[in-house]
Every structure is written in C-alpha cells, then in structure tokens.
Student: 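One structure is given below, represented as structure tokens, and several questions about it will come after.
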Amino acid sequence: QVQLVESGGGLVQPGGSLRLSCAASGNIFSMYAMGWYRQALGKQRELVATITSGGSTNLADSVKGRFTISRDNAKRTVYLQMNSLKPEDTAVYYCNFKHRRAYGPWYDYWGQGTQVTVSS
C-alpha cells in the first residue's frame with residue numbers, strides 16, 4: 001500500500017516557474033521509479049519526465065531545457081522544477097510511482113493530480 005501526495009501547482013504567468021513535489025509513503029520497496037505525466041483539456045495524458053531510484057532521468061522533448069526532474073531518496077519524494085513556462089504547459093500534472101522488490105512484480109500508483117495554469 002503506497003500513498004502519493006502532490007503539491008506545488010498553481011497559476012503562473014508565461015515565463016514563470018513552479019516546482020511540483022510528490023511524496024510517496026507506505027510500504028515502499030527498494031527499487032522504484034517515479035515520474036510526472038500531464039493531461040491538458042481535450043488531450044490524452046502524456047509523459048513529462050521520469051527518474052529512477054538510481055538517478056536515471058528521462059524528459060519529453062517538449063520540456064527539455066526547461067524542466068528538471070530530481071528526487072530525494074531518503075524522503076521518497078520526486079520534484080519537477082518547471083522554468084520558462086508556456087501556455088501549452090497548462091494541464092493537470094499527475095505523479096506516478098512504480099516499485100518492486102528485486103526480481104519481483106512491479107506495482108503502480110498514481111497521485112491525485114495538481115493543476116498547473118500558465119496564463120497572463
């Protein structure tokens with residue numbers, strides 16, 4: 001049983017910055033990966049960024065150079081630093097968490113979502 005709590009969303013002007021946080025709690029296994037997905041109005045959910053417990057990262061082409069994903073393993077928390085925000089970044093951002101014991105099955109969890117609105 002894993003719970004995810006997201007925070008950091010809000011309203012920001014174009015060119016501004018926000019930092020999203022997602023903290024995982026519960027019975028967390030040693031191998032895990034966390035990521036951020038977003039869903040804009042009328043669009044499908046898309047991958048934004050992922051990071052493993054070992055620190056490997058992957059970012060969508062649309063956010064490279066503007067967003068940075070990081071994590072604090074001790075706190076089991078992932079962050080998404082969003083700079084140079086554009087109106088097209090407006091979406092509900094969802095935290096995703098996957099974990100497993102060594103060679104065991106993967107378990108998948110989703111956060112509640114946090115709204116990011118980029119507008120003048």
Side-chain angles (χ1 to χ4, degrees):
Q1 300 295 324
V2 174
Q3 296 79 44
L4 303 177
V5 179
E6 301 181 27
S7 63
L11 175 65
V12 65
Q13 293 185 344
S17 298
L18 286 172
R19 190 177 79 154
L20 306 183
S21 298
C22 178
S25 62
N27 184 202
I28 299 172
F29 299 147
S30 59
M31 297 182 182
Y32 69 89
M34 301 184 75
W36 292 95
Y37 295 73
R38 66 186 182 187
Q39 186 168 19
L41 272 176
K43 295 186 177 181
Q44 298 295 110
R45 188 173 299 183
E46 65 176 352
L47 173 69
V48 177
T50 60
I51 188 167
T52 69
S53 54
S56 298
T57 61
N58 184 59
L59 276 72
D61 289 341
S62 60
V63 305
K64 286 181 179 177
R66 300 188 297 120
F67 292 10
T68 302
I69 188 169
S70 61
R71 87 279 185 266
D72 184 331
N73 282 347
K75 297 180 180 179
R76 296 293 189 268
T77 299
V78 65
Y79 306 94
L80 185 67
Q81 179 66 47
M82 304 184 294
N83 299 324
S84 302
L85 282 162
K86 304 175 180 179
E88 51 262 44
D89 295 317
T90 296
V92 177
Y93 284 69
Y94 295 92
C95 177
N96 176 258
F97 177 88
K98 298 179 175 67
H99 73 153
R100 69 171 184 176
R101 292 181 291 184
Y103 308 105
W106 285 98
Y107 298 89
D108 191 56
Y109 302 87
W110 290 92
Q112 78 279 7
T114 184
Q115 177 71 48
V116 171
T117 302
V118 184
S119 176
S120 298

Student: Looking at Cys22 and Leu4, what are the two nearest heavy atoms and their distance?
Tutor: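 Minimum heavy-atom separation between Cys22 and Leu4: SG-CB, 4.0 Å.
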
Student: Enter the distance from Leu18:CG to Phe67:CZ here, rounded to the nearest 0.5 Å.
Tutor: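 Between atom CG of Leu18 and atom CZ of Phe67 there are 9.0 Å.
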
Student: Please name the pair of heavy atoms, one in Thr77 and one in Ala23, separated by the smallest distance, quoted to 0.1 Å.
Tutor: OG1-CB, 3.6 Å

Student: Quick one: OG on Ser21 to CD on Gln81, what's the gap to the nearest 0.5 Å?
Tutor: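 So the gap between those two atoms works out to 9.5 Å.
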
Student: Checking Asn58 side chain against Thr50 main chain: does a donor-acceptor pair fall under 3.5 Å?
Tutor: no

Student: Rounded to the nearest 0.5 Å, how far does OH of Tyr107 lie from CD of Gln1?
Tutor: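 Reported value, rounded in 0.5 Å steps: 10.5 Å.
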
Student: Side chains of Tyr37 and Val92: closer than 4.5 Å at any heavy-atom pair?
Tutor: no

Student: Any salt bridge between Asp89 and Lys86, counting N to O under 4.0 Å?
Tutor: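 Between Lys86 and Asp89 there is no salt bridge, as every charged N stays at least 4.0 Å from the carboxylate O atoms.
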
Student: Relative to each other, are the rings of Tyr32 and Phe97 parallel, tilted or perpendicular (30° and 60° limits)?
Tutor: parallel

Student: When clusters are formed by joining ILVMFWY residues with side-chain heavy atoms under 4.5 Å apart, either directly or through shared neighbours, do Tyr109 and Leu80 land in the same one?
Tutor: yes

Student: Got a sec: does the CZ of Arg101 have more than 12 other heavy atoms crowding it under 6.0 Å?
Tutor: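 Open.
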
Student: Kindly check if the number of other-residue, nucleotide or ligand heavy atoms within 6.0 Å of CD (Glu88) is above 12?
Tutor: yes

Student: Strictly distance-based, threshold 3.5 Å: is any side-chain N or O of Thr90 a donor or acceptor partner for the main-chain N or O of Val118?
Tutor: yes

Student: Measure across Met34 and Val78 and return the closest heavy-atom pair with its distance rounded to 0.1 Å.
Tutor: CE-CG1, 3.5 Å

Student: Mind listing the closest non-hydrogen atom pair of Ser17 and Ser84 along with its distance?
Tutor: OG-N, 4.3 Å

Student: Do any N or O atoms from the side chain of Glu6 and from the backbone of Gly113 form a donor-acceptor pair under 3.5 angstrom?
Tutor: yes

Student: Hey, could you give me the CD/CG distance between Gln3 and Asn27, rounded to the nearest 0.5 Å?
Tutor: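 That separation rounds to 10.0 Å.
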
Student: Taking side chain as C-beta onward, heavy atoms only, is Ile69 less than 4.5 Å from Trp36?
Tutor: yes

Student: Examine distances only and state if a side-chain atom of Arg76 and a backbone atom of Ala24 form a donor-acceptor pair shorter than 3.5 Å.
Tutor: no

Student: Verify, without hydrogens or angle tests, whether Arg71 (side chain) and Ser53 (backbone) share a donor-acceptor contact under 3.5 angstrom.
Tutor: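 Pair found, side chain donor or acceptor close to backbone of Ser53.
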
Student: Can you list the steps and then say if Tyr79 with Asp72 is a side chain to side chain donor-acceptor pair (under 3.5 Å)?
Tutor: CA-CA 8 Å; Tyr79 306 94; Asp72 184 331; 4.8 Å; no

Student: Backbone N or O of Gly16 within a donor-acceptor pair of the Asn83 side chain at under 3.5 Å?
Tutor: no

Student: For the pair Arg45 and Trp110, evaluate side-chain contact (heavy atoms from CB on, under 4.5 Å) and give the outcome as yes or no after the intermediate values.
Tutor: CA-CA 13 Å; Arg45 188 173 299 183; Trp110 290 92; 3.5 Å; yes

Student: Can you say whether the rings of His99 and Phe29 are parallel (under 30°), tilted (30 to 60°) or perpendicular (over 60°)?
Tutor: parallel

Student: Would you mind reporting whether Lys98 and Asp108 have side-chain heavy atoms less than 4.5 Å apart?
Tutor: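 Yes, side chains in contact.
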
Student: How far apart are the closest heavy atoms of Gln112 and Val5, and which atoms are they?
Tutor: OE1-CA, 4.1 Å

Student: Check whether any side-chain heavy atom of Ser62 sits under 4.5 Å from a side-chain heavy atom of Arg38, and report yes or no.
Tutor: yes

Student: Minimum heavy-atom separation for Val63 to Val48, with atom names?
Tutor: CG2-O, 3.8 Å

